[in-house]
Amino acid sequence: MSDNSLFSAGIKRRDFLRLTAGLTAMMGLPVSMSSKVAEAATADNRPPVIWLHFQECTGCSESLIRSGHPDTASLILDLISLDYHETLMIGSGYQAEESLHNSMKNNWGKYILVVEGAVPLAENGVYCKVAGKTAQDSLKEVAEGAAMVINIGTCSSFGGVQAAAPNPTKAVSAASLVKDKPVINVPGCPPSPYNLLAVILYYLTLKKLPKLDQLNRPEFAYGRRIHEHCERRPHFDAGRFAEQFGDEGHTLGYCLYRLGCKGPVTFANCSTQRFNDVGVWPVAMGHPCIGCTEPDVMFHTSIYDRVQIHEVTPPDFYPNANPSKRGKGADPLTTAVVGMFAGAGIGASAMMAKKLPKEGEDEEDQA
Ligand code: FSX
Ligand code: SF4
Ligand code: F3S
């Protein structure tokens, strides 16, 4: 893709540069790399991508193609050569199969395989077949010639809803079946399209995978808990909780922990990156996080159950308790005090509580 085709696709240069600068920061790269990222995004070396669908709801693809401004979908689709995608391609039947096999043959060892959905193993995989082949066989065949495998969504990363008890089709993650290729998981149900875009851009810019966590997720996107950067966090620390949907606390934007929010045990960047450029994410909309990026949370615990808080990490904006160390992050004492209070379920550190307005008091009254 050339620079011109990207901009003629309706993406304004200023928006594009702003986006690549933001993505550079999100990927944990120095700002000086921003021009390299923009260069990689406009270079003429689109990697071929084969996108397979197994057991899922197509929400991952939906989330991608319905992304906002600048149009993330256009960006991703312009960055890659999407040779096969069952729901987006125009061709069907034998024509579609031919395009899959041509792409594999012409790009053997070089294409990126994106997998959406889990793989059922019960009864020889009969519960998910495309073109007469089971999901398991298709995955094996296409993964063999791939340079790397990106599992998009929680179903392909961890099994998702299909693998929830009693798991009648014996669904497993695609990640668990691919053993001899670099695998990167981009979970979320659905995942943020920015995370897929950032993974592809990182790979195109640096020709390697980003640093991964123990669940093969890119650390730049899944390295921190939702809870650390949640706008409702001061309410958690102050012990102010919504007790029921629609009650006063809920209306006032209090913490959703008691409604079952899984933010304290969920690693993802929803609270910072947000979705679709309109600044929303589930918790901002008043819905508790359901832990959709974690293997053992969503569909494994009920939505309204409260998670155990073992370790409370203070948000970045906490002042340091030790004045001589201010500006260097929270010291262990601050962390311990915050953790002790929150862990005991009695609300926040006195420090934060002092800073927050009391019930019925305006913030301005505090100043
Ligand atoms: Fe759906 Fe994707 Fe959830 Fe799964 O997203 S949004 S069920 S992660 O595979 O289509
Ligand atoms: Fe935000 Fe949920 Fe943490 Fe409350 S428990 S601060 S709503 S992430
Ligand atoms: Fe999922 Fe929680 Fe984010 S439910 S979309 S990880 S806020």
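Start at 1 and go down the list; that is how both ligands and their atoms are numbered. For this chain, numbers begin at 1 and follow the sequence in order. From a predicted model like this one, the values you see are computed outputs, not experimental measurements.
Open room surrounds CD1 on Ile303; 12 or fewer heavy atoms of other groups in view lie less than 6.0 Å from it.
By the 3.5 Å distance cut-off applied to N or O atoms, Glu116 is counted among the residues near ligand 1. The shortest N or O to N or O distance between Gln162 and ligand 1 is not below 3.5 Å.
Ranking protein heavy atoms by distance to atom 3 (Fe) of ligand 2, first place goes to His227 ND1, 2.1 Å.
Contact of the Glu294 side chain with the Val265 side chain is not registered, since no non-hydrogen atoms from C-beta on lie closer than 4.5 Å. Within the 4.5 Å cutoff, the side chain of Val199 has heavy atoms near those of the Ile150 side chain.
Residue contacts to atom 2 (Fe) of ligand 3: Cys289 brings an N, O or S atom closer than 2.8 Å. Residue contact annotation: Cys255 places an N/O/S atom under 2.8 Å from atom 4 (Fe) of ligand 2.
For Pro282, the heavy-atom gap to ligand 3 drops under 4.0 angstrom.
Remark: ligand 3 atoms within the under-4.0 Å shell around heavy atoms of Thr266 are 6 (S). Remark: ligand 3 atoms within the under-4.0 Å shell around heavy atoms of Trp281 are 7 (S). With ligand atoms numbered from 1 in the order given, ligand 1 contributes 10 (O) to contacts under 4.0 Å with heavy atoms of Thr58. Heavy-atom contacts of Gly263 reach the following atoms of ligand 2: 8 (S) (cutoff under 4.0 Å).
Inspection of the environment of atom 3 (Fe) of ligand 1 yields the following protein N, O or S atoms under 2.8 Å: Cys189 SG.
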